[in-house]
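Working notes, beginning with the structure itself.
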Amino acid sequence: MTFPGTYVLRRVLIAVPSLLGISVVLFTVLALAPGDPFGELVSNPNIPAEVAASLRQKFGMDDPVLVRYLRWLAAMLQGDWGFSFASRINVSDLIMQRLPTTILVIGSSQVLALLVALPVGVYAATRPYSLFDQVAGTLTFIGFSLPTFFTGLLLILVFSIELDWLPFVYKSDIAATGWRFYWEHFKQAIMPVTVLGLFQAASWTRYVRSAALDVIKLDYVTTARSKGLKERTVIIKHVVRNALIPVVTLVALQLPSIFGGAIVTEQIFRVPGIGSLLISAILANDTPVIMGVTFVLSCLVIGFNLLADIVYGWLDPRISLS
Amino acid sequence: MNEQALRSLIEAVREGKVTRRDFITALLSVGVAAPIAGQLLMHAGIAQAQPASAYKATRRGGGGALKVLWWQGATLLNPHFAVGTKDQDGSRIFYEPLAGWDNDGNLIPVLAAEVPTPENGGVSKDGKVITWKLKRDVLWHDGKPFTSADVVFNWEYASDPATAATTIGSYKDVKVSAIDTYTVRVEYAKASPFWADPFVSVRGMIIPKHLFEAYKGAKSRDAPNNLKPVGTGPYKFVDFTPGDMVRGAINPNYHQPNRPFFDTIEMKGGGDAVSAARAVLQTGEFDYAWNLQVEDEILTRLEAGGKGRVNIIPGGDIEFIQFNFTDPWTEVDGERASIKTKHPILTDPAVREAISLLVDRASIQQFIYGRTGIATANFVNNPERFRSKSNKFEFNVEKASQLLEKAGWKVGSDGVRAKEGKKLKFVYQTSVNQPRQKTQAIVKQAAQKAGIDFELKSVTASVFFSSDIGNPDTYTKLYCDIQMYTTTMTQPDPEIFMNQYVSWERATKENKWQGRNITRWQNDEYDKAYRAAEVELDPIKRAALFIRMNDLAVQDRAIIPVVARPRVRASNMRLRVPESGWDSDFWALQDWYREVSAA
């Protein structure tokens with residue numbers, strides 16, 4: 001497979017108008033939404049009305065929506081994401097502060113999900129309707145039917161309150177060094193990672209199983225078996241590789257959206273990730289931060305879509321991208 | 001309470017017949033905050049109580065980590081930009097004011113060497129000049145000395161409108177100058193009986209001149225130290241993630257001996273109030289949790305574990321019901337509830353009186369708020385009565401029905417009273433908040449028995465309390481008949497608090513509904529009393545005027561107080577915290593310590 005350079009370029013060019021469209025919609029919705037970042041100032045009688053008014057003027061909030069949008073866009077193109085009304089610091093700094101924790105927690109949960117989904121799904125597919133398959137199927141149904149806020153609270157109740165084994169308040173900076181630092185980090189990450197990971201694993205297991213089941217019935221698998229190849233080789237080299245194709249698309253497309261799922265989980269465990277930044281910004285009507293975070297999310301969705309298509313071509317050379 | 005009664009009450013305190021605390025409680029019940037009451041006593045020459053510090057640790061440090069949980073994390077650490085208490089609290093770890101308020105309204109010096117009084121020459125005869133003597137040998141965390149230049153700078157910084165400081169209100173009308181390195185003179189435009197506002201408490205935290213001098217005015221946002229505070233407080237800055245975590249470490253040069261006790265402090269933000277209570281009361285993961293707006297029933301259950309306790313600290317917040325005196329259902333010049341209209345029914349005093357008899361405060365406390373909302377017969381005018389514990393807030397359906405009957409409101413076939421074709425049907429709104437919805441239900445039920453029909457409405461808090469001009473559901477628009485929320489006495493001085501009922505502050509389309517008089521109630525005597533208070537030089541006369549105004553608004557039933565909302569905090573069994581309902585949670589952070597064994 002040659003690297004599809006022109007294809008990627010074309011896709012990137014197509015992405016530009018969609019990102020623009022997304023930003024217009026986001027900006028308009030936020031401008032129309034009720035609420036005011038300085039609401040607390042206005043309703044506080046100790047602060048003269050002029051202060052809130054001058055802040056609004058200083059932050060350019062009294063201009064028409066179109067002017068504000070164009071200003072935001074111009075600044076964004078130059079890499080300036082604006083600054084938070086609530087903390088008066090740059091949005092990019094705020095996001096960078098939260099990013100390591102998000103990647104750590106979300107990343108680990110994705111890895112956990114894959115580690116569970118792949119073997120369980122494939123094994124279940126090789127023995128359809130066996131006891132293992134039945135049990136796995138039931139568990140995955142339970143897994144993705146239970147919302148994360150429920151499993152999160154359940155884990156807290158069992159492991160923090162009843163057993164007192166794990167902390168339920170996540171701290172991104174732990175005042176410890178050496179192995180204790182890693183141990184504390186590991187301990188506090190167990191519950192949020194488990195909640196997110198197992199939720200994701202539940203739906204992925206179903207996909208892996210059905211994808212593998214589709215492939216396993218094909219003639220070339222029978223051929224491989226009749227050649228006398230070991231079952232292991234047949235499954236890993238012939239079945240899994242082909243079964244992975246739809247799974248890869250799914251994983252790639254779900255990677256950005258897991259940030260959305262993390263909003264709830266982050267709130268429960270007080271994980272200082274992007275999700276909790278977004279929710280507190282929304283509650284404080286902190287428009288630049290909401291814009292920054294949602295825009296990053298949109299970029300991720302579009303980016304991962306592209307990535308999925310490219311990986312697709314690499315996994316299955318029959319698919320031509322050019 | 002008139003001026004005479006107030007004077008005799010002050011005398012009673014002087015003679016020791018009434019305790020200081022009772023005096024404070026008495027004034028609180030007529031709408032005067034504890035700090036003001038304390039200043040009245042000070043003005044009358046009654047020495048402040050010298051509260052013995054309960055601090056027992058005998059050396060600095062060695063206490064380990066202090067972990068506190070704020071379910072709304074601090075978003076910035078410059079006290080002059082603080083938007084809510086979360087920011088003030090976060091800043092207060094590092095910065096200190098000249099003085100703070102204790103729970104009994106005593107002014108306690110922090111960076112001041114002593115509290116100014118007329119006796120020590122700190123308060124001038126005409127009451128227009130206050131002289132603060134600063135504590136010597138106080139060092140900023142970076143080793144530079146703290147002097148009067150810093151205090152003067154804070155005034156210049158905050159009073160400059162370009163700085164966009166949220167503390168501007170406390171500084172814009174005073175003139176501050178340095179007499180010498182350790183003496184500061186604060187000059188007021190008029191005799192100010194309540195002078196302890198600039199440089200005091202949460203709006204009085206002092207930032208260092210040498211680090212912020214270059215960032216006064218329009219450049220205020222660029223100061224690197226907005227995020228890295230360098231103060232005089234018991235803890236030095238370590239790191240800060242907005243909305244998540246503030247960390248500090250012991251200040252080895254702190255200006256009070258043997259303090260602080262803890263080696264480090266962690267202020268974690270985020271999450272929700274219930275799980276914050278859990279982390280302190282049930283698992284003990286944290287030592288202290290802020291603002292637990294949680295049902296008392298849950299708190300009691302969590303407390304049963306014995307790891308922590310719930311602290312109830314009285315303050316000035318009151319949940320109350322407001323009547324609309326204008327007609328919310330008729331539009332005049334594009335504006336509903338315009339002051340050009342009159343409410344067709346609620347302007348009848350008998351109806352307002354009847355509704356106030358139908359608010360079952362005892363049940364609201366017992367079944368909804370528990371310890372976190374104390375039924376209040378607040379705003380009464382009899383000094384004898386508020387001293388007694390057997391205050392009665394009347395709940396009487398029978399009496400309410402009779403009142404309405406007498407005023408000509410007859411029960412119709414649908415069980416709702418009516419007169420001249422007008423039915424006693426009202427829209428009763430509040431914000432979405434479980435205790436409030438339950439309160440609405442209790443009031444509605446009682447009102448039904450008396451032939452009044454309430455349509456309940458609840459609005460999302462972020463809309464209800466917003467200043468959005470385009471939204472019809474904000475509390476200042478009052479596009480309904482009655483509404484309920486909590487009024488907070490954010491500023492001890494009643495002048496700002498009491499303008500809530502003056503006619504020129506009525507919320508209208510013209511002032512973008514930013515007028516403070518939301519009920520649109522109007523009373524000539526009240527207006528006159530307010531104007532008189534604005535120029536009154538004698539603090540006792542002035543206080544009496546404010547109390548009179550309060551009586552006017554309450555007796556005419558412009559509002560119905562429901563429950564007082566004390567501060568609710570949770571702390572570890574062994575943690576000792578000097579609490580105050582009149583200052584930041586951290587107002588005496590240097591005195592926090594941990595007992596070796598739980599008491």
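Chain identifiers are assigned alphabetically (A, B, ...) following the order of the sequence lines, protein sequences preceding nucleic acid strands; residue numbering begins at 1 within each chain. These numbers come from the heavy atoms of this one structure, side chains and all, not from hydrogens, waters or symmetry mates.
- Proximity of Ile89(A) to Asn226(B): side-chain heavy atoms (C-beta onward) are nowhere separated by under 4.5 Å.
- For the atom pair CZ (Phe83(A)) and CG (Asp222(B)), the distance works out to 9.0 Å, reported to the nearest 0.5 Å.
- Looking at Ala162(B), the atoms closer than 4.5 Å to chain A (heavy atoms on both sides) all sit in the backbone: N, CA, C or O.
- A distance of 8.5 Å separates NZ in Lys171(A) from NZ in Lys268(B), rounded to the nearest 0.5 Å.
- Between Lys67(B) and Val169(A) the shortest side-chain heavy-atom distance does not fall below 4.5 Å.
- Using a 4.5 Å cut-off between heavy atoms, Ile282(A) makes no contact with chain B at all.
- Gln282(B) places no side-chain N or O within donor-acceptor distance of the main-chain N or O of Ile161(A), the cut-off being under 3.5 Å.
- Contact check for Asn90(A) versus Arg221(B): side-chain heavy atoms found under the 4.5 Å cut-off.
- Only the side chain of Leu69(B) comes within contact range of chain A, judged by heavy atoms closer than 4.5 Å.
- More than 12 heavy atoms of other residues, nucleotides or ligands sit less than 6.0 Å from atom CZ of Arg71(A).
- Using a 4.5 Å heavy-atom threshold, the side chains of Arg270(A) and Ser275(B) count as touching.
- Heavy atoms of Ser220(B) lying under 4.5 Å from chain A belong exclusively to its side chain.
- What you find for Ser87(A) and Leu76(B) is that their closest heavy atoms are CA-CD2, 3.8 Å.
- For the atom pair CD of Gln97(A) and CG of Asp244(B), the computed distance is 8.5 Å after rounding to the nearest 0.5 Å.
- Contact annotation: the side chain of Gln72(B) never approaches that of Leu283(A) to less than 4.5 Å [non-hydrogen atoms, C-beta and beyond].
- Going from atom CG of Leu166(A) over to atom OG1 of Thr283(B) covers 11.5 Å, rounded to the nearest 0.5 Å.
- Heavy-atom neighbours of Trp504(B) CH2 from other residues, nucleotides or ligands within 6.0 Å: above the threshold of 12.
- Interface remark: of the candidates Thr474(B), Asn78(B), Asp239(B), Thr264(B), Asp239(B) forms the most heavy-atom pairs closer than 4.5 Å to chain A.
- Closest approach of Ala164(B) to Arg88(A), counting heavy atoms only: O-NH2, 3.2 Å.
- If you measure heavy-atom distances from Glu266(B) to chain A, the contacts under 4.5 Å come from the side chain alone.
- Side chains of Arg278(B) and Ser160(A) form no contact here, defined as non-hydrogen atoms less than 4.5 Å apart.
- In terms of heavy-atom pairs under 4.5 angstrom with chain B, the leader among Pro272(A), Ser84(A), Ser280(A) is Pro272(A).
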